[in-house]
Amino acid sequence: QVQLVESGGGLVQAGDSLRLSCAASGRGFLTRIMGWFRQAPGKEREFVATILNLGRTTYYSDSVKDRFTISRDNAKKTVYLQMNSLKPEDTATYYCATATMIGSTWTGDYWGQGTQVTVSS
């Protein structure tokens, strides 16, 4: 089992940057695909980015590609999401999760509690 704790959310202006962190504890982090998902008010949770266990392969949703960067430090058991050029539509609660692909859809297994990101225009 893996426990995940996100941090780094906050209120920023459009065009600003923010870095989210996800600290993992428990067993199996090194073998797990890690991901970030988000959920805006009134909307379903959606995939943002995933990173494979060695950190060399990443995937992004079209809406964040070229603006967000996912990375991981396996020695620290931490996953990061660097968010640049933030837009008001990026406003959401961001969740860290261990990730699995089912069909062509990324989904989470273990979830953190979420961290709020609000982008003002």
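Starting from 1, each residue takes its place in the sequence as its number.
- The structure places OH of Tyr59 at 9.5 Å from CZ of Phe47, a figure rounded to the nearest 0.5 Å.
- The 12-atom threshold is not exceeded at CD of Gln13, counting heavy atoms of other residues, nucleotides or ligands nearer than 6.0 Å.
- For the atom pair SG of Cys22 and NZ of Lys77, the computed distance is 12.5 Å after rounding to the nearest 0.5 Å.
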Handout entry: side chain to side chain contact (heavy atoms under 4.5 Å, CB included) between Tyr80 and Thr69, intermediate numbers included
Key = CA-CA 8 Å; Tyr80 304 98; Thr69 302; over 6 Å; no
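- For the pair Val64/Leu81, no side-chain contact is recorded, criterion being any heavy-atom separation below 4.5 Å from C-beta on.
- Taking all atoms of both residues into account, the shortest heavy-atom contact from Ala24 to Val2 is CB-CG1, 4.2 Å.
- Taking both residues in full, the closest heavy atoms of Ile70 and Gly35 are given as CD1-CA, 4.3 Å, listed atom of the first, atom of the second, then distance.
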Exercise for the section: Under the side chain to side chain contact (heavy atoms under 4.5 Å, CB included) rule, what do Arg45 and Trp111 come out as? Steps first, then yes or no, please. Expected result: CA-CA 12 Å; Arg45 191 174 300 185; Trp111 296 89; 3.0 Å; yes
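- Under the 3.5 Å distance criterion, the side-chain polar atoms of Thr118 are left unmatched by any main-chain donor or acceptor of Thr91.
- Transitive grouping of hydrophobic side chains (ILVMFWY, heavy atoms separated by less than 4.5 Å) brings Leu4 and Leu30 into a common cluster.
- Interatomic distance, Gln1 CD to Ser25 OG, rounded to the nearest 0.5 Å: 9.5 Å.
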Name every donor-acceptor pair, under 3.5 Å, that has one atom in a side chain of residues 94-102 and the other anywhere in the protein, sequence neighbours excluded.
unit_1 : atom_1 : unit_2 : atom_2 : d
Tyr94  : OH     : Arg38  : NH1    : 2.9
Tyr94  : OH     : Asp90  : O      : 2.6
Thr98  : OG1    : Tyr110 : N      : 3.0
Thr100 : OG1    : Asp109 : OD1    : 3.4
Thr100 : OG1    : Asp109 : OD2    : 2.6

Exercise for the section: Output, in order, the C-alpha distance, side-chain angles, deciding distance and verdict of side chain to side chain contact (heavy atoms under 4.5 Å, CB included) for Asn53 and Phe29. Expected result: CA-CA 8 Å; Asn53 62 321; Phe29 177 81; over 6 Å; no
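- Heavy-atom minimum distance, Ser21 versus Thr78: CB-CG2, 4.4 Å.
- Taken to the nearest 0.5 Å, the OG1 atom of Thr31 stands 10.5 Å off from the CG atom of Leu54.
- One hydrophobic cluster, built from ILVMFWY side chains closer than 4.5 Å, holds both Tyr60 and Val117.
- Atom CD of residue Gln82 and atom CG of residue Leu20 lie 9.0 Å apart, to the nearest 0.5 angstrom.
- Between Ser121 and Pro88, the shortest heavy-atom distance links the atoms CB-CG, 3.8 Å.
- No side-chain N or O of Thr93 forms a donor-acceptor pair with one of Gln39 less than 3.5 Å apart.
- Taking the six-membered ring wherever Trp is involved, the centroid distance between the rings of Trp106 and Phe37 does not fall below 6.0 Å.
- Of the possible donor and acceptor atoms, one in the side chain of Glu6 sits under 3.5 Å from a partner among the backbone N and O of Gln113.
- Contact between Ile51 and Arg72 at its shortest, heavy atoms only, is O-NH1, 3.5 Å.
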